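This report concerns only the one structure given below.
Just so it is clear, the model here is predicted, and its values are computed rather than measured. Atoms within each ligand, like the ligands themselves, are counted from 1 in listed order.
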Amino acid sequence: MGSGIYVHAFRDGAIVPMDAAAVREVLAPYAPYDVPDGEPVEWVRAADGSDADVYLHHGVSFDRPGPGVLDIVAELARRTGAAIVLPTDPTVIVTSAADVRHLPQELRARAVVVPPAALTGQAIEQVVRPRPEPRRRPMLPPFPYHPDPVATGSVTAADEPCVCCGHDQGWIYTGPVHGEDVPDGRLCPYCVAYGTAAKRLGVFFNDVEAGRMPDEAARQICERTPGFATWQDWGWPAHCGDGAVFLGTAGARELRPYPDALDELRGQCAEWGWAAGPTEEFLAALDQDGQPTAYLFRCRICGTHLARADFT
Ligand SMILES: [Zn+2]
Ligand SMILES: [Zn+2]
């Protein structure tokens, strides 16, 4: 805190002297020296080691109080009912709405009421230095084949410029990027969605199951749809002649409501020549956040759920 903080008692618009005995009672335990009888405390040190010079005049001033000293300031205001005069706007903290009318006219509009129970050093700091509002981030572009890339972890909030458009869009793409010349830096989801990154940088994000969906769908999935990390390479699945919608990773528990998806995984295991026992063990061990994991999709046409898994 840059400069001084004052604790003042006000009555009918004027500063009135504070009760010196009460002030001394609050401050003396924090004095790192022996305070002579009847003398005011001139120096306090807080539990966190921060300290401040203290002057008692009509009120009490704390010179450059550290964070811990603010707790002492708060205690003094709670105990005496006096106002805390800050070097910032809002300028005064009072402990009850009724106190506002005792302030000088010019301070009334610059007062904030913090009830005694809430009046701590941290509360003072919050008034002096309000935390910045969380950044408002724009809406993500639509991804028809990967509708919630934030939930799946492929897009995350970030204050970071995009390597393609150069703008800090508030979001960044965290999934895989493929191509001959993958840029050293991350892309915003808008450059993914609108094909800018594919066109400008020659990158792509997914492979598709060959020949099972129209070219337009394949291009959309490869060049304009966020990908996601997998251990093995397999193409984006298709159903009913269209690419499926990626819903996220899934473990045994998440797959339970989708017997169609489980049957599909059983079919894939059978193709690898797995017997029923190991297949069921494998399915039971699937873990949404671990290994092995499954990837859940849904057909855009018929709604059937599909799954893929890493067979590591
Ligand atoms: Zn961009
Ligand atoms: Zn279908």
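- The main-chain N or O of A275 is found under 3.5 Å from a side-chain atom of T279 such that the two form a donor-acceptor pair.
- The nearest N, O or S atom of C164 is not closer to the Zn ion (ligand 1) than 2.8 Å.
- Between F297 and W236, the distance separating the two ring centers is shorter than 6.0 angstrom.
- Look at C188 and the Zn ion (ligand 1): an N/O/S atom of the residue is under 2.8 Å from the metal.
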Given salt bridge (Lys or Arg N to Asp or Glu O under 4.0 Å), test D159 with R137 step by step and report yes or no. CA-CA 10 Å; D159 308 320; R137 298 180 195 275; 3.1 Å; yes

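- Taking the Zn ion (ligand 1) as the apex, the angle formed with SG of C165 and SG of C162 is 100°, to the nearest 10 degrees.
- Nearest N/O/S atom of H239 with respect to the Zn ion (ligand 2) is recorded as ND1.
- Side-chain contact check for Y145 and D242: at least one donor-acceptor pair (N or O, by modelled atom type) lies under 3.5 Å.
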